[in-house]
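Below you'll find the structure, written out as structure tokens, and then a few comments.
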Amino acid sequence: MNKIYYLASCDTCRKIIKSLPKDHDLVFHDIKQNPITVEELEEMYLLSGSYESLFSKKAQLYKSMDLKNKSLTEEDYKKYILEHYTFLSRPVFIINDKIYIGNTQQNILQVMKALG
């Protein structure tokens with residue numbers, strides 16, 4: 001099952017979703033309305049290879065909690081992502097058992113190709 005984990009209130013996520021091909025078969029998962037589960041996060045981890053790659057260092061909480069000055073472990077990244085949706089780097093696409101994390105132009109181009 002192809003999926004997108006996104007935040008409905010995020011302008012960048014909305015813009016990306018609008019640009020998706022019309023005939024995609026994605027299941028939409030708003031991480032604020034429906035927090036990700038341990039199982040979903042572990043699936044992302046297995047596909048990406050690390051929790052750090054799923055973690056957003058752009059999050060306001062990252063700055064306000066002064067996490068950049070702490071030495072975080074993989075378990076810390078996992079804990080923070082499960083504690084608050086803002087720590088998941090968005091959007092996360094899982095398409096044909098491949099994961100695409102974040103909103104870089106190159107990443108979105110790969111998502112378009114995978115959906116096309």
Side-chain angles (χ1 to χ4, degrees):
M1 174 185 2
N2 295 338
K3 223 174 195 185
I4 174 177
Y5 295 90
Y6 71 105
L7 190 55
S9 60
C10 168
D11 289 339
T12 304
C13 288
R14 286 200 304 259
K15 195 171 101 188
I16 290 167
I17 288 168
K18 261 192 190 144
S19 70
L20 295 173
K22 294 293 172 240
D23 59 350
H24 61 72
D25 64 342
L26 287 172
V27 173
F28 287 79
H29 185 128
D30 181 350
I31 59 175
K32 185 174 184 177
Q33 301 302 322
N34 186 6
I36 56 174
T37 65
V38 172
E39 293 78 18
E40 289 166 329
L41 185 57
E42 285 174 357
E43 177 190 15
M44 292 182 218
Y45 171 78
L46 289 173
L47 293 170
S48 67
S50 78
Y51 291 110
E52 184 176 6
S53 67
L54 295 161
F55 187 87
S56 172
K57 293 183 177 164
K58 295 177 187 167
Q60 294 295 323
L61 270 179
Y62 181 73
K63 295 173 181 88
S64 67
M65 292 171 71
D66 199 33
L67 296 177
K68 70 179 185 295
N69 294 317
K70 295 189 171 100
S71 183
L72 299 177
T73 65
E74 281 289 291
E75 279 304 307
D76 291 329
Y77 289 120
K78 177 181 180 182
K79 176 180 79 104
Y80 285 122
I81 292 170
L82 288 170
E83 271 178 16
H84 202 282
Y85 64 86
T86 195
F87 287 123
L88 183 68
S89 190
R90 309 173 296 273
V92 174
F93 289 88
I94 297 177
I95 303 167
N96 300 327
D97 295 323
K98 283 193 71 181
I99 194 166
Y100 305 88
I101 305 162
N103 59 24
T104 64
Q105 189 176 5
Q106 182 186 1
N107 197 41
I108 299 309
L109 287 172
Q110 289 177 328
V111 165
M112 297 301 185
K113 199 181 283 183
L115 288 172

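Since the structure is predicted, the reported quantities are computational estimates derived from the model, not experimental observations.
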- Message: Under the criterion side-chain contact (heavy atoms from CB on, under 4.5 Å), I'd like the reasoning laid out for Tyr80 against Leu67: C-alpha separation, chi angles, the key distance, then a yes or no.
- Response: CA-CA 10 Å; Tyr80 285 122; Leu67 296 177; 3.4 Å; yes
- Item | Leu26/Tyr6 under side-chain contact (heavy atoms from CB on, under 4.5 Å): CA gap, chis, key distance, verdict | CA-CA 12 Å; Leu26 287 172; Tyr6 71 105; over 6 Å; no
- Dump the intermediate steps for side-chain contact (heavy atoms from CB on, under 4.5 Å) on Ile81 and Tyr45, then the final yes or no. CA-CA 11 Å; Ile81 292 170; Tyr45 171 78; over 6 Å; no
- For salt bridge (charged side-chain N to carboxylate O under 4.0 Å, His left out), just list the numbers for Asp76 and Lys79, CA-CA rounded to whole Å, side-chain angles, deciding distance to a tenth of an Å, and then say yes or no. CA-CA 5 Å; Asp76 291 329; Lys79 176 180 79 104; 5.4 Å; no
- Would you check, one step at a time, whether the test side-chain contact (heavy atoms from CB on, under 4.5 Å) holds for Thr86 with Gln60? CA-CA 8 Å; Thr86 195; Gln60 294 295 323; 5.9 Å; no
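Using a 4.5 Å cut-off between side-chain heavy atoms of Ile, Leu, Val, Met, Phe, Trp and Tyr, with links allowed through other members, Val38 and Leu47 fall into the same hydrophobic cluster. Hydrophobic clustering (ILVMFWY, side-chain heavy atoms < 4.5 Å, transitive): Ile4 and Val27 are in distinct clusters. Linking ILVMFWY side-chain heavy atoms closer than 4.5 Å, directly or via other members, places Phe28 and Leu7 in two distinct hydrophobic clusters.
Between Thr12 atom OG1 and Ile17 atom CD1 the span is 11.0 Å, to the nearest 0.5 Å. The structure places CE of Met44 at 7.5 Å from NZ of Lys3, a figure rounded to the nearest 0.5 Å. Annotation: the span from Tyr62 atom OH to Phe87 atom CZ amounts to 9.5 Å, rounded to 0.5 Å. One distance of note links CD1 of Ile94 with CG of Asn2; it measures 9.0 Å at 0.5 Å rounding. Atom-to-atom distance recorded for Tyr85:OH and Ser9:OG is 6.0 Å, nearest 0.5 angstrom. A distance of 9.0 Å separates OH of Tyr5 from CG of Leu88, quoted to the nearest 0.5 Å.
Of all the heavy atoms in Asp30 and Lys32, the pair that sits closest is OD1-N, 3.0 Å. Scanning all heavy atoms of the two residues, the minimum distance from Cys13 to Arg90 falls at SG-CB, 3.8 Å.
Side-chain atoms of Lys78 and Leu41, non-hydrogen and from C-beta on, do get closer than 4.5 Å to each other.
Remark: Asn34 pairs with no residue by the side chain to side chain donor-acceptor pair (under 3.5 Å) rule, at least two apart or across chains.
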Which donor-acceptor pairs under 3.5 Å do the side chains of residues 96-116 make with protein atoms, sequence neighbours left out?
residue	atom	partner	partner atom	Å
Thr104	OG1	Asn107	N	3.2
Asn107	ND2	Ile101	O	2.9
Asn107	ND2	Gly102	O	2.8

Which pairs would a plain distance check flag for residues 51-59, meaning a side-chain donor or acceptor within less than 3.5 Å of a matching protein atom at least two apart in sequence or in another chain?
residue	atom	partner	partner atom	Å
Glu52	OE2	Lys57	NZ	2.9
Glu52	OE2	Tyr77	OH	3.4
Ser53	OG	Ser48	OG	3.4
Ser53	OG	Ser50	O	2.9
Ser53	OG	Ser50	OG	3.2
Ser56	OG	Lys58	N	3.3
Ser56	OG	Ala59	N	3.4

